[in-house]
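Have a look at the structure below, then the notes.
The figures here come from the full heavy-atom set of this structure, side chains too, leaving out hydrogens, waters and symmetry mates. Numbers restart at 1 for each chain; the letters A, B, ... are given by sequence-line order, proteins then strands.
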Amino acid sequence: MSPSELPKNYDPTEVERRWYDHWVNQGYFRPRDGDGAPFVITIPPPNVTGSLHFGHVFDHTIQDLLIRWQRMTGVPTLWLPGTDHAGIATQNVVEKRLAEQGKTRFDLGREAFVDEVWKWKDIYHKRITEQMKRLGDSVDWSRERFTMDEGLSRAVREVFVTLYRKGLIYRGNRIINWCPRCHTALSDEEVNHVETDGKLYTIQYPVKDSKRKLSVATTRPETMLGDVAVAVHPKDKRYAPLHGKTAILPFLRREMPIILDDSVDPKFGTGAVKITPAHDPNDFEMGQRHGLTPIKVMDESAVMNENAGDFRGLTREDARQRIVAALEDRGLLVKVEPHRHAVGHCERCDTIVEPYLSLQWFVKMKPLAEPAYTAIEKGELAIVPRRWEKVYLRWLEGIRDWCISRQLWWGHRIPVWTCGGCSEQIVEVETPTTCPKCGNAALKQDEDVLDTWFSSWLWPFSTLGWPEKTADLARFYPSSVLVTGPDIIFFWVARMVMAGFEFMGSCPFKQVYLHGIVRDAQGRKLSKSLGNSSDPLELMDRYGSDSLRMTLVLLSPQGNDIHGFSDEKVDLGRHFANKLWNAFRLVQPHLDGFVPDEAKARPVMNDADLWILSRAAATARSTTRNLKTYRIGDAAKDVYDFTWRELCDWYLELAKPRLYADPGTPDAMAVRYTVVQVFSTVLRLLHPFMPFLTEELWHALPGVDGDVCVAEWPTTTRAGSHPAAEARIALLKEVVGSIRNLRSEMNIAPARKAPILIRAEGHEADIIREQREWILLLGKGESLEVGPHVQKPEIAASAVVRQHEIFLPLAGLIDVDVELKRLQKEYERVIREFDNSRRKLQNDDFLGKAKKDVVDREREKFETLGSTKEKLEKNLEVLKR
RNA sequence: GGGCGAAUAGCUCAGCUGGUAGAGCACUUGCCUUACACGCAAGGGGUCACAGGUUCGAGCCCUGUUUCGCCCACCA
């Protein structure tokens with residue numbers, strides 16, 4: 001790259017195309033050899049449902065920057081990639097596509113349908129891979145896994161069989177969450193409860209051999225057809241006369257016992273509850289206690305079935321209307337009240353979930369939850385930010401059995417076979433050929449597949465080869481940190497911890513970092529379907545992936561959501577990339593053929609050099625500290641601020657004269673050496689955030705070997721710090737700032753140079769004298785006079801910096817009134833602060849109780865303010881004359 | 001019904017161990033100063049939601065209130 005080739009504006013498209021394959025070919029993404037404890041992240045496998053969305057981009061950016069940072073510190077790193085088959089989600093999208101062709105999965109048949117899904121999977125897997133490469137994800141592709149690949153399928157069967165034999169997996173008829181649209185059972189976690197304004201219907205059931213009618217309240221009248229009893233509280237006196245009696249179910253004339261149960265709340269509704277064991281979890285349990293036989297009144301699509309009498313064939317919604325109307329006709333509808341309650345919706349298709357009696361497979365969770373729970377207090381697992389630990393623990397406390405069977409075709413088949421001969425149930429890892437009991441070869445495998453999370457919860461070790469005892473498993477389990485969103489704490493995080501303890505005997509990761517969600521200005525999650533999000537790939541094309549990464553990170557407070565994200569926000573990162581590019585463009589022509597030589601450079605460095613190196617070292621320390629505590633946004637901001645506000649705004653400006661000077665001089669050596677050092681540090685610190693641009697610039701930097709991707713992370717010792725130089729440059733900044741302020745307030749044309757007078761004494765006067773050239777340069781000075789006896793010119797703008805006074809003699813140029821107003825305002829500000837300070841120092845409590853250094857600082861401040869005040873007073877007096 | 005989080009400049013948010021407030025964007029003014037107008041310089045703008053309390057001192061700690069947001073929840 002030669003200077004003339006550097007365009008004025010940074011164009012990422014070409015640069016970002018260049019480096020990824022190089023990194024892969026160099027093998028950087030594979031863990032390096034070494035005995036040290038590796039740094040490992042196992043990727044939360046994206047669903048192969050579609051392409052990556054914004055959540056992924058953010059999630060991957062964080063993981064990649066942690067991995068890249070750790071890689072640079074020299075530890076062996078592994079970021080293990082993979083994808084998830086995402087049972088229901090994927091099956092749904094493929095079915096939807098079939099529907100567009102007017103077909104259902106039944107038209108294809110199971111085998112052909114599953115083939116179809118595999119084709120889909122291949123397409124989207126490829127797209128996801130491309131997106132990840134475009135983003136710069138430094139994953140080890142040689143270890144990539146898929147939740148339905150051979151090894152993971154084997155792990156799933158192994159786990160199922162093991163848990164079954166331990167008695168932790170069982171099959172049972174239970175009330176589960178049924179999605180009438182997806183036609184499958186769901187776990188509790190796959191149901192979203194939505195507060196809904198519903199109605200509470202009070203209806204009457206006649207009582208046999210009695211004139212009295214029994215009123216019951218329900219939110220779902222259509223389930224009455226499945227009623228088999230009415231329950232009241234045993235101590236509820238109102239119903240004492242009805243004990244032992246029989247209620248008659250309207251429409252169907254079913255005789256139902258009036259039963260007594262403690263779980264009935266006499267205060268709710270009428271104090272009498274209709275019992276529908278096949279369609280309500282509470283009623284199911286009550287039914288069991290009282291030996292009632294459940295009656296299902298709906299089919300798998302929530303259409304009323306043959307048990308629904310005249311209502312057969314109606315949807316549940318229609319049935320509700322018709323039943324209410326019919327009850328009203330018969331005078332059995334007492335009242336309808338508004339009632340707000342939570343209604344369960346299918347997480348995948350938003351259909352209202354039906355509590356439904358069904359034969360399913362379950363995992364007994366209590367025993368598995370125990371070690372996952374204690375892991376927190378034992379310090380085996382830390383969640384960042386800490387507040388999520390409570391959420392995690394509370395869920396484990398109330399854990400319920402996990403329904404794992406799904407009536408889908410896409411997923412892991414349940415490894416259970418029934419013998420056609422003797423009906424023996426066979427649970428085996430390897431597909432059996434004959435019945436071990438009777439030898440019959442007619443074996444029929446369970447039709448259902450497993451919940452997608454039943455493979456995901458094994459991800460931390462199944463991806464490393466488990467159940468084989470592989471070298472990878474020994475070396476890379478457990479991982480260092482899990483990075484994901486808090487929305488899957490229950491689905492995934494907690495279950496992985498359980499599986500880790502159960503099958504590996506330890507927690508699968510030491511830390512969990514939960515980041516926020518990317519939201520738009522209305523607070524909505526970014527999603528393509530809402531139309532509030534561009535395709536990340538398109539955004540990367542437009543702005544560059546470095547810019548997108550940097551923007552997301554800069555905008556993200558630790559563990560909190562990013563609010564108000566929009567495409568234009570990416571300008572933040574793009575402008576920064578451009579700034580860095582141009583800073584480099586400034587220095588690059590002067591580095592041609594330059595050979596850094598520390599021994600020659602050190603002795604001739606000036607304050608600016610020492611200062612910027614000192615600041616670079618401090619930036620390395622703060623960036624690293626923030627990365628360690630997952631304050632990733634702060635870490636990015638540290639480098640951002642350093643680069644822009646210190647390196648570009650000050651150092652490069654100060655360095656220009658020496659940079660343009662004859663390359664043979666010692667000055668030139670010092671400044672070039674410093675520039676190379678600082679850029680080297682900045683590029684390394686920035687690499688985890690902006691991998692492509694930093695790699696590109698790194699290779700144009702003289703005296704560097706290899707790639708920044710594997711360059712050594714900047715040292716975090718205090719070695720490079722130079723407090724004296726920092727103090728002197730701080731003074732320079734104040735002086736220059738003050739001069740600039742005066743010029744601006746006085747409306748002096750930027751191009752016009754003006755004489756500068758500084759009345760200063762003591763040590764700092766010497767420093768200011770030494771900084772003469774810089775002050776003239778940055779303060780646009782025509783001349784500079786510094787000393788204790790500098791006289792204020794008749795007409796001048798003035799300012800006070802520390803103990804010193806700055807004058808810009810501008811006879812004929814300044815408007816006295818303007819200057820007077822300005823000084824007056826400044827004076828008032830100083831007076832206010834001065835009075836505050838005085839009040840504090842007159843307070844004995846403050847003097848007696850505050851820490852000594854605080855008091856000292858206050859005294860110093862008071863003195864400075866006092867002298868400033870005096871000077872301002874004098875200057876004001878002069879102007880007023 | 002329970003829990004969690006937030007409330008700071010017009011917007012999005014920092015403010016990590018209490019010492020009277022910062023950034024980015026937006027806004028105003030002036031600059032195409034040969035690295036960058038994706039830029040430079042200067043500037044305006046905040047009773048830190050409200051009410052109490054602790055403290056010499058509170059945006060920060062405690063209590064309560066209000067308003068938003070999120071999560072959890074089988075009271076029909």
Side-chain angles (χ1 to χ4, degrees), chain A residues 6 8-10 175 188 192-193 200-201 216-220 223 231 263-265 267-276 280-285 339 341-342 344 355 385 387-388 390-391 394-395 398 400 486-487 489-490 517 519 521 523 543 547 554-566 568-569 571-589 625-626 629 631 633-634 637 640-641 645 648-649 652-653 656 737 740-745 747-751 778 780 833 836 840 843-851 853-855 857-858:
Chain A
L6 287 180
K8 194 165 145 184
N9 287 334
Y10 172 55
I175 297 279
D188 295 335
N192 294 139
H193 292 275
L200 184 66
Y201 303 86
V216 296
T218 180
T219 52
R220 297 188 298 150
T223 62
S263 70
V264 179
D265 177 2
K267 287 189 223 58
F268 188 90
T270 61
V273 195
K274 59 190 268 312
I275 302 301
T276 323
D280 183 280
N282 280 324
D283 294 2
F284 177 76
E285 279 175 30
H339 183 68
H341 62 142
R387 65 188 141 91
W388 293 111
K390 274 179 253 171
V391 176
R394 188 154 310 127
W395 184 75
R400 283 178 282 169
D487 47 329
I489 292 180
F490 310 141
I517 293 166
R519 298 179 182 280
Y543 291 88
S547 303
L554 278 170
L555 289 177
S556 72
Q558 187 206 35
N560 279 327
D561 292 354
I562 295 177
H563 283 277
F565 187 85
S566 59
E568 309 82 68
K569 281 271 155 71
D571 275 336
L572 179 60
R574 187 170 130 256
H575 292 174
F576 179 66
N578 191 243
K579 187 71 182 177
L580 183 68
W581 174 260
N582 273 292
F584 195 80
R585 216 159 66 89
L586 166 67
V587 301
Q588 205 264 351
R625 183 169 18 102
N626 282 322
T629 48
R631 305 178 74 91
D634 291 343
K637 199 152 187 310
Y640 178 96
D641 284 342
R645 309 274 68 120
C648 292
D649 285 357
L652 292 180
E653 294 304 327
K656 274 178 183 173
R740 283 172 168 172
N741 175 269
L742 286 178
R743 291 179 55 102
S744 176
E745 297 271 348
N747 289 320
I748 300 171
L778 301 180
K780 296 275 171 64
E833 276 194 55
N836 278 342
K840 243 181 185 175
N843 183 342
D844 289 338
D845 281 332
F846 175 71
L847 295 176
K849 291 176 185 172
K851 273 177 259 161
D853 62 307
V854 173
V855 177
R857 232 181 302 139
E858 197 58 45

Give A:N741 one of three labels, base, sugar-phosphate or nothing, depending on what nucleic acid heavy atoms sit under 4.0 Å from its own. sugar-phosphate
What's A:K656 touching, base or sugar-phosphate or nothing? Going by heavy atoms closer than 4.0 Å. base
Name the nucleic acid region contacted by A:E745, choosing base, sugar-phosphate or nothing; use a 4.0 angstrom heavy-atom cut-off, strictly under. sugar-phosphate
For B:rC75 and A:K267 - does any side-chain N or O of the residue sit under 4.0 Å from the phosphate oxygens OP1/OP2? no
Taking only the side-chain nitrogens and oxygens of A:K851, find out if one of them lies under 4.0 Å from OP1 or OP2 of B:rC56. no
Once you apply a heavy-atom cut-off of 4.0 Å, does A:R743 come out as touching a base, just sugar-phosphate, or nothing? nothing
Do NZ/NE/NH1/NH2 and the carboxylate oxygens of A:D634 and A:K637 come within less than 4.0 Å? no
Within the structure, does a side-chain N or O atom of A:H193 lie under 4.0 Å from either OP1 or OP2 of B:rC74? yes
Looking for any heavy atom pair under 4.0 Å, which part of the strands does A:R400 touch: base, sugar-phosphate only, or nothing? base
How far, in whole Å, is B:rC48 from B:rA7 if one measures between their P atoms? 14 Å
The side chain of A:P750 is closest to which nucleotide in this list: B:rC31, B:rA35, B:rA76? B:rC31
For B:rA35 versus B:rG18, give the span between their P atoms, rounded off to a whole number of Å. 47 Å
If you check the A:D265 side chain, which of B:rA35, B:rC75, B:rC74 turns out closest? B:rC75
Judged by nearest nucleotide, the residue sitting upstream toward the 5' end of RNA chain B, A:D845 or A:Y640, is A:Y640
Give A:K579 one of three labels, base, sugar-phosphate or nothing, depending on what nucleic acid heavy atoms sit under 4.0 Å from its own. base
Polar pair under 3.5 Å, donor/acceptor by atom type, side chain A:E653, base B:rA35: yes
Taking any heavy-atom pair under 4.0 Å as a contact, classify A:D283: base, sugar-phosphate, or nothing. nothing
May I ask you to evaluate whether A:R585 reaches the phosphate of B:rG39, defined as a side-chain N or O under 4.0 Å from OP1 or OP2? no
At under 4.0 Å, does any side-chain N or O of A:H341 touch on OP1 or OP2 of B:rG1? no
Closest to the side chain of A:T218, out of B:rA76, B:rC38, B:rA35, is B:rA76
Taking any heavy-atom pair under 4.0 Å as a contact, classify A:R574: base, sugar-phosphate, or nothing. base
Both A:N843 and A:A342 contact RNA chain B. Taking the nearest nucleotide for each, which residue is further toward the 5' end? A:N843
Contiguous pairing runs of three or more, Watson-Crick or G-U under 3.5 Å, that involve RNA chain B: B:1-7 with B:66-72, B:10-13 with B:22-25, B:27-31 with B:39-43, B:49-53 with B:61-65
